[in-house]
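The structure appears below as structure tokens.
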2 protein chains.
Amino acid sequence: MKGTTLISPRQRAESGPSETPEPADALRAPDKSLGQSRVIIENISPCIDGGRFAAKRAVGDIVRVEADAFTDGHDKIAVALLYRTGDSGPWNEVDMQPLVNDRWFGEFPVYAVGLLQITVRAWLDHFGTWVYDLQKRVNAGQDVSTDLQIGAELLEEARAGNEGDVDKQLADFARIIRGPDKGQAVQTALNPLVQALMRRHAPRKFASEWGRPLPIWVDRTKARFSSWYEFFPRSAANDPSRHGTLNDVLNRLPYVAKMGFDTLYLPPIHPIGRQFRKGPNNNPQANPGDVGSPWAIGGPEGGHDAIHPQLGTMEDFDLLVRACSDHNIDLAMDLAFQCSPDHPYVKQHPEWFKHRPDGTIQYAENPPKKYQDIYPFDFECNDFHALWDELLRVTLHWVNHGVRVFRVDNPHTKPFPFWEWLIAEVKKEDPDVLFLAEAFTRPKIMYRLAKLGFTQSYTYFTWRNDPYGMREYLAELTREPIIDFFRPNFWPNTPDILPGYLQTDARAAHIVRAILAATLTANYGIYGPAFELMDNQPAAPGKEEYLDSEKYQLRQWDINSPNSLSDLLTRLNRIRREHPALQQDRTLTFHNTNNPTVLAFSKTSGSSAILVIANTDPYNTQWADVDVKLDVLGLPHDRPYQVHDLLTGARYRWQGWHNIVKLDPGSQPAHVFAVRKHVRSEHDFEYFL
Amino acid sequence: MKGTTLISPRQRAESGPSETPEPADALRAPDKSLGQSRVIIENISPCIDGGRFAAKRAVGDIVRVEADAFTDGHDKIAVALLYRTGDSGPWNEVDMQPLVNDRWFGEFPVYAVGLLQITVRAWLDHFGTWVYDLQKRVNAGQDVSTDLQIGAELLEEARAGNEGDVDKQLADFARIIRGPDKGQAVQTALNPLVQALMRRHAPRKFASEWGRPLPIWVDRTKARFSSWYEFFPRSAANDPSRHGTLNDVLNRLPYVAKMGFDTLYLPPIHPIGRQFRKGPNNNPQANPGDVGSPWAIGGPEGGHDAIHPQLGTMEDFDLLVRACSDHNIDLAMDLAFQCSPDHPYVKQHPEWFKHRPDGTIQYAENPPKKYQDIYPFDFECNDFHALWDELLRVTLHWVNHGVRVFRVDNPHTKPFPFWEWLIAEVKKEDPDVLFLAEAFTRPKIMYRLAKLGFTQSYTYFTWRNDPYGMREYLAELTREPIIDFFRPNFWPNTPDILPGYLQTDARAAHIVRAILAATLTANYGIYGPAFELMDNQPAAPGKEEYLDSEKYQLRQWDINSPNSLSDLLTRLNRIRREHPALQQDRTLTFHNTNNPTVLAFSKTSGSSAILVIANTDPYNTQWADVDVKLDVLGLPHDRPYQVHDLLTGARYRWQGWHNIVKLDPGSQPAHVFAVRKHVRSEHDFEYFL
């Protein structure tokens with residue numbers, strides 16, 4: 001990493017924030033004792049709520065830090081980015097470079113999961129100022145005799161505290177600059193090597209430093225780039241008359257792996273309550289044999305740390321986790337912290353629930369609706385410490401069985417401090433554990449959950465089906481500071497949500513939504529096999545629930561149907577793996593089209609460039625002029641380039657910003673183009689990079 | 001003030017942040033002991049750099065505070081704004097009201113100069129939630145017997161800690177709600193009076209609070225609204241052969257007062273150095289009798305606390321301050337912290353200056369330019385404490401002589417910590433003292449000076465002459481948080497700057513710039529009589545300095561010239577005084593025109609609405625279609641309204657958003673319209689409000 005160096009022991013002693021008594025900075029009023037600290041540091045990024053929360057990055061990222069830094073008068077300043085692993089220990093230092101308008105930046109790569117701290121330190125660069133002025137004096141033909149003496153003094157001053165070669169070099173240069181040969185003196189003074197030596201070894205008197213180190217949490221790469229597949233284990237049996245088991249899930253693993261998904265999320269696998277059990281289609285009256293909702297957790301067989309007997313045993317589970325691992329798949333568990341009336345907690349810990357004056361326990365409500373099959377925890381209860389501890393124990397129970405990913409059900413109905421604590425405690429045990437927040441709620445609540453530690457979040461993508469809505473929403477999600485803490489995970493459907501859009505022309509709608517989910521964001525997921533088999537019958541007209549939802553009954557799926565979109569999903573996941581541009585969200589850029597039903601956007605990463613153009617009208621063929629932002633894609637304005645459709649294999653030679661597309665929802669509602677520059681070889685052979 | 005109440009002793013005891021042990025808030029990670037505090041508070045405004053600096057307001061303002069506040073689940077919350085005078089003592093409380101998207105606001109008026117603190121406190125409104133749910137249950141015809149018991153329990157719980165009438169009322173309501181008459185119970189529960197009682201007296205368990213109180217500095221009104229006039233005392237003699245005196249300034253006061261200016265700024269009035277004194281037009285060789293630059297401060301007669309003998313005595317100065325006061329004018333002094341080589345400090349405190357290896361003192365430089373008549377202080381010197389103390393002493397010397405406004409010369413060439421300390425120390429002595437920063441430098445430096453305490457700031461207005469540039473610049477200045485700490489003061493000219501625009505058609509350019517300065521911002525100033533007499537000869541073609549600048553020589557001005565713009569200035573200042581819309585900057589709104597040389601903008605305050613339309617082309621008559629934003633001005637779309645040109649007296653009846661103007665720079669380059677609604681009286685008589 002250019003500019004990254006481990007700093008010398010002396011500088012380390014100077015640069016540790018904890019060792020500096022109360023530096024002047026943007027968070028603290030300077031008192032008179034700090035009056036000589038003249039450099040101001042402001043507005044560091046990434047910085048979430050003044051450092052209250054960690055910014056998020058993933059292994060493999062380059063962390064870019066920016067800050068405003070300036071001083072009074074005309075003196076030059078030196079600005080350094082300091083970073084370290086954890087919250088103590090030695091700092092590493094990177095020179096920061098100026099951008100425009102007194103903004104500086106520095107970068108470093110991250111290789112390991114865990115907490116980092118960053119801060120910025122700046123000081124007056126007296127030697128740099130002197131060199132800069134000397135050059136101007138020399139250019140103007142002024143007598144610089146006295147100025148050379150000043151420079152020599154700066155070099156001599158820098159000798160103090162340095163030894164050996166450095167001391168000798170500084171002394172030598174000082175002697176030359178002070179010496180009789182003015183030409184050689186000036187030449188030496190302006191030598192970049194001397195400046196580099198002084199940058200490293202000159203005293204950093206009266207340095208300023210940002211008030212408190214800012215945290216960055218580095219996740220494993222899956223936090224940034226993941227492909228989720230969800231299905232109901234109990235529907236995984238090929239036999240319609242039989243309750244699926246974890247072994248059936250095991251047998252379906254090759255199907256999931258072949259499509260290229262890397263995260264398999266199973267709805268809750270715990271014992272299911274009896275009292276007030278729901279029948280098919282959310283019928284309040286269940287018949288004997290009805291399987292109930294897996295989110296009504298807890299029965300005589302156990303609670304959140306148990307496995308529903310019809311699914312199998314803990315041994316089956318361990319086997320499944322190992323098999324997933326063999327397929328490079330993470331098994332994601334559901335954390336749904338609520339109880340059925342039959343949950344063991346209800347008797348063992350009645351103090352964790354709210355009691356009504358009539359002696360009953362308060363069930364979940366959204367008046368006038370009643371959810372009598374669910375008892376929420378009372379997080380305001382006096383015994384909340386024990387409740388928190390138990391929920392942590394349950395979570396770690398699954399971590400100890402190899403679970404590294406949790407999808408958290410309705411986190412926005414439990415207190416924020418609880419999640420912040422729980423996630424931090426789990427990460428102390430295993431920093432690789434990731435949490436996906438299923439909070440379909442108001443934006444600031446979703447953002448708070450992300451800030452306090454959730455790795456990824458469900459989003460409003462499910463209902464953003466028109467280009468205008470998607471552009472506006474993604475502009476918000478990719479803006480600082482939101483992009484620094486909120487990682488969107490785009491789902492076109494979930495067991496709870498069959499959006500109206502998918503109820504239109506099934507095939508076209510499912511295809512375009514899959515393509516958009518898989519390319520707009522680096523994290524996406526689908527609920528299958530309902531998705532690839534294009535199940536799109538609503539529970540009732542105008543409703544967004546699935547008819548015969550698996551939430552309340554077993555379903556059978558013909559996963560080998562020739563109509564299945566599994567080939568499309570396979571292709572999309574391969575494109576995502578092969579093109580780094582699609583493995584991050586920071587470079588998302590929209591390109592204008594003259595057709596409000598056609599969305600165009602690109603992502604780039606290094607030499608990888610993807611341009612997606614999608615017709616969001618599921619009924620009609622649409623034409624559009626697409627204004628390609630050539631500069632964003634690194635393309636020349638005056639030469640051809642190639643767009644290679646990774647879905648169909650077709651290649652087109654385009655030139656300039658103005659291009660026309662025609663997209664037929666019946667055959668191909670979207671292009672996913674790899675964009676390649678046109679190059680003429682030295683043998684006059686033309687090809688595309 | 002609606003919603004403002006002094007809170008009860010009991011609530012005060014609960015609501016003081018210092019009395020609450022470590023609340024959960026946006027700045028501190030909650031530990032487990034705070035797990036029951038479920039309300040989150042984020043993103044308070046006004047808040048400058050996390051509370052490091054005070055937001056600015058002026059006496060007479062309504063302070064509007066906003067914050068995001070929300071909780072998990074579906075419970076209602078109560079949010080309160082707390083504010084107090086100073087940084088200790090009792091808090092006042094204002095109920096905050098919801099806006100959209102989990103944002104809340106509260107307001108209170110400020111009546112006195114000094115520091116305020118604000119914070120936000122929020123808690124779960126269990127009673128409010130209960131009432132809300134009860135209404136829905138009742139609407140759905142559900143049995144609410146048990147729910148009424150819950151409500152009665154909440155009322156009884158609230159009795160604890162209350163006495164007398166309140167206790168009795170709570171007990172009575174609880175009894176009714178628990179009682180046999182369900183109809184009466186429900187009616188009582190839904191009675192807004194009961195809710196108000198509970199809002200005031202129910203326990204506020206597990207309240208959350210913003211981490212640290214945020215400061216607001218309240219200035220006197222002049223900080224927000226001021227009209228500055230600058231002239232050189234030594235040119236104030238009517239006799240061209242004579243050096244003007246403070247008595248001549250006294251004689252010119254009625255002229256300044258008649259034009260309606262409220263702040264008279266005099267360039268430095270201290271003894272002027274001899275060595276390297278500059279001659280006319282910045283000639284490095286002065287002749288005997290040349291008066292030199294008043295910014296080369298200090299001679300044998302004294303330094304920054306002395307008065308130049310040719311101007312008069314301290315007694316003359318005191319007389320002048322009193323006379324200004326009689327005209328309701330503030331005398332603004334120049335604080336230029338630099339020395340001529342003849343300043344007494346040079347001998348008394350050589351340690352305050354930088355010394356070169358050749359034994360000389362370092363003069364000011366911007367290589368290769370040399371300013372040998374100026375010695376800057378060395379603020380990095382070891383004795384800087386004594387230097388700071390002396391500069392404070394000098395400042396307070398003038399405060400003790402009645403000076404309440406300082407224009408600070410080049411504050412950006414002295415350390416930021418120095419200014420923050422000095423301004424705070426002066427305000428301890430007299431909080432009415434105001435400071436105008438003359439920092440024509442890079443934006444972040446200007447903003448930092450404003451944050452650390454400067455009351456007002458010079459700006460780039462001087463060079464923003466086209467509508468595009470002015471719109472862009474003012475959009476920045478009126479955006480949060482900048483508008484909360486940076487108060488722009490618009491000057492079309494200064495003794496240092498004769499912008500190119502004023503060198504075009506003198507009369508048209510001066511008129512339009514005066515109108516824009518006086519109406520775009522509530523604080524403005526001019527350097528006269530050069531301005532009203534339209535002096536616009538540059539020192540050399542392409543230069544922005546005045547020819548024969550008063551900085552280096554005496555000038556004579558025919559202030560009674562019939563060509564003078566003094567009548568225009570008089571009229572503008574009267575318009576500003578009579579129209580509150582022009583006394584603040586927060587409501588500035590630009591209106592689109594179809595002519596890029598024509599600028600249109602409005603300001604409103606209560607019923608006061610001003611619409612300015614200006615032709616910025618000093619040579620040509622321009623027509624423009626103006627798209628009036630009717631909603632911004634509170635105007636109906638379907639009825640006429642009146643625009644009354646306050647400069648000419650002409651009145652026009654307009655209707656709708658589309659209107660056409662014609663502006664001739666030779667006669668009338670701009671309209672300054674008072675906008676009045678059209679009203680039909682009950683006697684069918686039409687008039688304009």
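Below, read A as the first sequence line, B as the second, and so on, with proteins coming before strands; counting in each chain starts at 1. Atoms considered below: every heavy atom in the structure, side chains included; atoms not considered: hydrogens, waters and symmetry mates.
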Portion of [X] that has a non-hydrogen atom of chain A nearer than 4.5 angstrom:
X: Lys354(B); answer: neither
X: Thr71(B); answer: backbone
X: Lys444(B); answer: both
X: Gln135(B); answer: neither
X: Ile445(B); answer: both
X: Asn101(B); answer: both
X: Asn382(B); answer: both

For this session: Please examine the side chains of Asp72(A) and Thr413(B), heavy atoms only from C-beta on, and report whether any two atoms are closer than 4.5 Å.
Result: no
For the pair [X] and [Y], find out whether any cationic side-chain nitrogen is under 4.0 Å from an anionic carboxylate oxygen.
X: Arg356(B); Y: Asp147(A); result: yes
X: Arg38(B); Y: Glu380(A); result: yes
X: Asp102(B); Y: Arg442(A); result: yes

Seminar exercise, completed: Value for CG (Leu452(B)) from CD1 (Ile40(A)), rounded to nearest 0.5 Å, stands at 7.5 Å
Exercise. Just how far is it from atom OG of Ser208(B) to atom CZ of Phe416(A), taken to the nearest 0.5 Å?
Worked result: 10.5 Å
Seminar exercise, completed: If you tally heavy-atom pairs under 4.5 Å between each of Pro415(B), Ala424(B), Gly51(B), Gly73(B) and chain A, the highest tally belongs to Pro415(B)
Problem set entry | Options Asp68(B), Thr360(B), Asn410(B), ranked by heavy-atom pairs under 4.5 Å with chain A, top entry | Asp68(B)
Identify which part of [X] has an atom lying under 4.5 Å from any heavy atom of chain B, answering side chain, backbone, both or neither.
X: His126(A); value: side chain
X: Phe206(A); value: side chain
X: Leu124(A); value: side chain

Exercise. So which of Pro411(A), Pro367(A), Ala439(A) has the largest heavy-atom pair count under 4.5 angstrom toward chain B?
Worked result: Pro367(A)
Exercise. So, the side chain of Gln36(A) versus the backbone of Cys381(B): is there a donor-acceptor pair under 3.5 Å, distance only?
Worked result: yes
Just jot down the side chain to side chain donor-acceptor pair (under 3.5 Å) partners of [X], sequence neighbours excluded, or say none.
X: Glu66(B); result: Arg64(B), Arg103(B)
X: Lys369(A); result: none
X: Asn366(B); result: none

Exercise. Hey, do the aromatic rings of Phe70(A) and Tyr447(B) have their centres closer than 6.0 Å?
Worked result: no
For this session: Using a cut-off of 6.0 Å, state whether more than 12 heavy atoms not belonging to Tyr132(A) lie near its atom OH.
Result: no
For this session: Walk me through it: do Asp49(A) and Glu42(B) pass the test side chain to side chain contact (heavy atoms under 4.5 Å, CB included)?
Result: CA-CA 8 Å; Asp49(A) 289 3; Glu42(B) 290 189 332; 3.9 Å; yes
For this session: Please list, in residue-number order, every residue in residues 136-145 of chain B that has a heavy atom less than 4.5 Å from any heavy atom of chain A; write 'none' if there are none.
Result: Lys136(B), Arg137(B), Ala140(B), Gln142(B)
